[in-house]
K.L.:
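Here it is, the structure in full.
Every chain is numbered from 1, with letters handed out A, B, ... down the list of sequences. The analysis underlying the following values was restricted to heavy atoms, covering all of them including side chains, and did not include hydrogens, waters or symmetry mates.
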2 protein chains.
Amino acid sequence: MDAKQIHHGKESASCPMDFILRMLMGPWTTYILYNLKTHGPQRFGELKRRVASISAKMLTERLRTLEGAALVRRDYEATIPPKVTYSLTQRGHELDDVLGKLAEIGMRWEAEDAALRAARAAELKAAE
Amino acid sequence: MDAKQIHHGKESASCPMDFILRMLMGPWTTYILYNLKTHGPQRFGELKRRVASISAKMLTERLRTLEGAALVRRDYEATIPPKVTYSLTQRGHELDDVLGKLAEIGMRWEAEDAALRAARAAELKAAE
DNA sequence: GCTAGTAGGTACCAATTCGTAACTCATGGA
DNA sequence: TCCATGAGTTACGAATTGGTACCTACTAGC
């Protein structure tokens, strides 16, 4: 799946977070993880409705990747219609802290930037 | 630069880490941040030699993006030949903790996976 | 009999991404 | 005179990505 990543020689050993970041990225991954964390285990359709603009193809692909990385568990019940529930594994929950910190920093920066923009706008207004 | 990210309605507000993750990703970003953190401020060529297989184009583009996000500072001296030094900003250093934790988790998982593979290999050997 | 819902899979298509190779500018050295 | 250096920029081209539309199987409801 990531053929271009074969290049690195000695550098790869120095950056073990690379794998995780590659996992967390992709426009939808954080939404999925976030939803599974805050709303608990969910079925495919539920998840799809929550992320709204994601396509079924993408959601499937992301979930399969996350499953492959052992961050998400897939429970399949062969009822009719079938019922598939996704939940975070223990490994998935190990990211809670980091994701939380990331969210906190993101919000702080957003607030700082908003304050800066407001200050600049006030400055401009005072100057005219 | 990220035109596809306009879609989200109410969902975007619930995931402020999305911006940061989008920043941290891209095959090279973590290498760059890691190098600037561990080896201190560096010139373009130095950085390029450390990351080895990155192209000048990509390095420039990533550094510009990081600069735009205020994670990296660019100091340009118009000598001949020119001298450009890159360093982490305060904001860049705010990621130190998270990146460290991510690295720690990544290494732990790598070790766990290696142990698992070793166990499976031993099992196979015992079975034959 | 027709449609809707569940959980996807598949084919195709357009856009984006990333790498490679060549070019820039000014100077100092062989 | 030609080449190398530092820090890029630009053009081109191939591969990857992600979206849309359509297909599956099965059953319940109208």
K.L.:
Phosphate oxygens OP1/OP2 of D:dG6: is one of them under 4.0 Å from a side-chain N or O of B:Tyr86?
P.N.:
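False: B:Tyr86 side-chain N/O out of range (4.0 Å or more) of D:dG6 OP1/OP2.
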K.L.:
Taking for each residue the nucleotide of DNA chain C bearing the nearest heavy atom, is the 5' side occupied by A:Lys83 or by B:Ile80?
P.N.:
A:Lys83
K.L.:
I want to check something: taking the side chain as every heavy atom from C-beta on, are A:Gln42 and A:Leu36 in contact at a cut-off of under 4.5 Å?
P.N.:
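Counting from C-beta outward, A:Gln42 and A:Leu36 do come under 4.5 Å.
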K.L.:
Can A:Arg43 and A:Thr85 be counted as having a side-chain donor-acceptor contact under 3.5 angstrom?
P.N.:
no
K.L.:
Which nucleotide in the set C:dG8, D:dG8, D:dG6 lies at the smallest distance from any side-chain heavy atom of B:Thr60?
P.N.:
D:dG8
K.L.:
Would you say A:Arg43 places a side-chain N or O within less than 4.0 Å of OP1 or OP2 belonging to C:dT6?
P.N.:
no
K.L.:
How long is the line joining CD of A:Gln42 and C1' of C:dT6, in whole Å?
P.N.:
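Rounding to the nearest Å, CD of A:Gln42 and C1' of C:dT6 are 16 Å apart.
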K.L.:
Using a 4.0 Å heavy-atom cut-off across all strands, classify B:Ser55 as base, sugar-phosphate, or nothing.
P.N.:
base
K.L.:
Can you tell me if A:Arg49 touches the phosphate of C:dT6, counting only side-chain N or O atoms and a distance under 4.0 Å to OP1 or OP2?
P.N.:
yes
K.L.:
With a 4.0 Å limit, can you tell me whether A:Trp28 has a side-chain N or O closer than that to the phosphate oxygens OP1/OP2 of D:dT17?
P.N.:
no
K.L.:
Round to a whole Å and report the spacing from CG of B:Leu47 to C1' of D:dG6.
P.N.:
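It is 14 Å, rounded to the nearest whole Å.
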K.L.:
Please compare A:Lys57 and A:Pro82 by the position of their nearest nucleotide in DNA chain D and report the one closer to 5'.
P.N.:
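On the 5' side of the pair lies A:Lys57.
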K.L.:
Give the rounded distance in Å between these two atoms: CD1 of A:Ile54 and P of D:dT17.
P.N.:
15 Å
K.L.:
Does some side-chain heavy atom of B:Ser53 sit less than 4.5 Å from a side-chain heavy atom of B:Trp28?
P.N.:
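Heavy-atom side-chain distance check passes, below 4.5 Å.
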K.L.:
Take the protein atom CG of B:Leu59 and the nucleotide atom P of C:dC18, then report the distance between them rounded to whole Å.
P.N.:
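Interatomic distance, CG of B:Leu59 to P of C:dC18: 14 Å.
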K.L.:
Without decimals, in angstroms, what is the distance between A:Lys48 NZ and C:dG5 P?
P.N.:
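Result: 13 Å.
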K.L.:
So, does B:Arg64 get its side chain near the phosphate of D:dT9, meaning an N or O under 4.0 Å from OP1 or OP2?
P.N.:
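It does, given that an N or O in the side chain of B:Arg64 lies less than 4.0 Å from OP1 or OP2 of D:dT9.
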K.L.:
Rounding to a whole Å, what distance do you find between B:Glu46:CD and D:dT5:P?
P.N.:
16 Å
K.L.:
Are more than 12 heavy atoms from other residues, nucleotides or ligands located less than 6.0 Å from atom NZ of A:Lys48?
P.N.:
yes
K.L.:
Under a 4.0 Å N-O cut-off, is there an ion pair linking B:Arg91 with A:Asp113?
P.N.:
yes
K.L.:
Can you tell me which nucleotide in D:dA7, C:dA7, C:dT6 comes closest to the side chain of A:Pro81?
P.N.:
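Looking only at heavy atoms from C-beta outward on A:Pro81, the closest nucleotide is C:dT6.
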K.L.:
Rounding to a whole Å, what distance do you find between A:Tyr76:OH and D:dA25:P?
P.N.:
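Spelled out: OH on A:Tyr76 to P on D:dA25 is 13 Å.
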K.L.:
Could you tell me how far apart B:Glu61 (CD) and D:dA11 (P) are, to the nearest whole angstrom?
P.N.:
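In whole Å, D:dA11 P and B:Glu61 CD are 17 Å from each other.
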K.L.:
Quick check on C:dG8: is either OP1 or OP2 less than 4.0 Å from any side-chain nitrogen or oxygen of A:Arg74?
P.N.:
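For C:dG8, OP1/OP2 do have a side-chain N/O of A:Arg74 under 4.0 Å.
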